[in-house]
2 protein chains.
Amino acid sequence: MKKIKILIVDDHQLFSEALKGLIEDKDNFEVVDQLVNGQEVQEFFNTENAVIPDLVLMDVQMPIVNGIDATAWLTENHPEIKTLALTMDNEENTILKMLRAGAKGYLLKDIHPTVLHQAIEETIEKGFYYTEQINDTLLHANKIDRNPLNHVELKPRELELLKYACQEMTYKEIAEKMFLSPKTVDGYRERLFVKLNVKSRIGLVLYAIKENII
Amino acid sequence: MKKIKILIVDDHQLFSEALKGLIEDKDNFEVVDQLVNGQEVQEFFNTENAVIPDLVLMDVQMPIVNGIDATAWLTENHPEIKTLALTMDNEENTILKMLRAGAKGYLLKDIHPTVLHQAIEETIEKGFYYTEQINDTLLHANKIDRNPLNHVELKPRELELLKYACQEMTYKEIAEKMFLSPKTVDGYRERLFVKLNVKSRIGLVLYAIKENII
DNA sequence: ATATTAAAGGGGGAAATTCCCCTCGTTTAA
DNA sequence: TTAAACGAGGGGAATTTCCCCCTTTAATAT
């Protein structure tokens, strides 16, 4: 019997190692390697003698290169390999980003091991693993997408201002840091307010938190 | 040979389950039970026929009752049981709180499994497991403690204002929500600024984030 | 039993900052 | 060559911040 070859990508070594044991409890599963961030994924697949996995269990928040970018890279360069997101972050936005990057499913770390096995098998067989949670997210996705407030593209300078705005500085101080006139900063602030649909600097900070900018 | 009995408390079932496997790879370790939050810890020990563990692996961030409170409860009611904190949060403040609550050591989830086994054995034998990380934290502890900015006690009304201040409302609107005069709100705001050592409302928000108030 | 202190609620006035319009000149890229 | 992005600015209103000040109530200490 051919085993299902799995690659684990998670920066928490202890979890990764433990997960490996859990997966290999079932005889038809085999963990081919464990990586700690997205950068290692690219390095792994660029190695000559790499054992190509059938499925990748991908964490989202990792240092250097995160799970979203790593998944996007995999989808681009190795579309035959299926990626399952495995994280404790159940933000709609994160789910959507992972699915857009090409993930075939989304699992939370607080699930039961049997669900994990089931999800892996289903992904290999059917090509995807969709839970109620994902369906809900996709249902809202259209609404989210049509709403111009989301997926706003911030220009470099605006992003810079946003980051400064989340610190205890007045706009005057920010202007100095950015080598701009206070009036210019005020203009950027104004545009940020419109783009992000906020009414005060507090709104900027809350947006930055929600989007993990700070 | 008598096995070391371990209790796992972690809200991430998958991790908890996987961790159990990892621990039981060594013959002298035995996982007696797995709980998902601090409340279950109290319930567990209030059960008649509960198998009393030698050591508890305690996560910090959990729903309902967190790891800090659960550890404090254990230290109070079952001082003979050793608690090891096991979390991915390496904030100095969190480490300090767990140690104060009575934890015998502090482990990060990105450690290698061998370190885990070693830490457990050392805790059982010597009564504690101190890493360089903990020592660093303790070195700073005096400084942190002497600094009145930390361990500030916020009065209920102040905390309420703090929470509102982290939303897109003007102080006038907050005053209405709290059924107070804007001037009273201003008084609370002023006291919060002094207590938390911040210079603007942005500072309040940043404080609230750092302390997980919002 | 009385003074002291802490907590909660309220104010006046002024300065600083933030917010909200709207205009203008570059440069740069489609 | 029309639109963006970027930088700068004026004027004014609203809000925030920062000083002072005050009363009432309840608990605590002397």
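Just so we're on the same page: letters track the sequence lines, and every chain starts at 1.
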### Task
Check for a donor-acceptor pair, side chain of B:Glu17 on one end and backbone N or O of B:Gln13 on the other, with a separation under 3.5 Å.
no

### Query
Can you pull the contact range of chain B along DNA chain C, 5' to 3', using atoms under 4.0 angstrom from its heavy atoms?
C:dA7 to C:dG13

#### Entry: Side-chain donor or acceptor of A:Glu168 paired with backbone N/O of B:Lys199 under 3.5 Å
yes

### Query
Quick check: does any side chain N or O of A:Asn46 sit under 3.5 Å from a backbone N or O of A:Gln42, one acting as donor and the other as acceptor?
yes

### Message
For B:Asp10, is there an ion pair with A:Lys109 - N to carboxylate O distance below 4.0 angstrom?
### Response
no

### Message
Salt bridge check, B:Lys195 against B:Glu158: does any charged N sit closer than 4.0 Å to a carboxylate O?
### Response
yes

### A:Thr184 side-chain N/O to A:Leu180 backbone N/O, donor-acceptor pair under 3.5 Å
no

## Note on the structure
Readout for nucleotides 6-21 of chain D: B = base within 4.0 Å of protein heavy atom, S = sugar-phosphate only, - = neither; 5' to 3' it is SBBBBB---SSBB---

### Query
Below 4.5 Å, heavy atoms only, C-beta onward: do A:Val198 and A:Leu206 meet side chain to side chain?
no

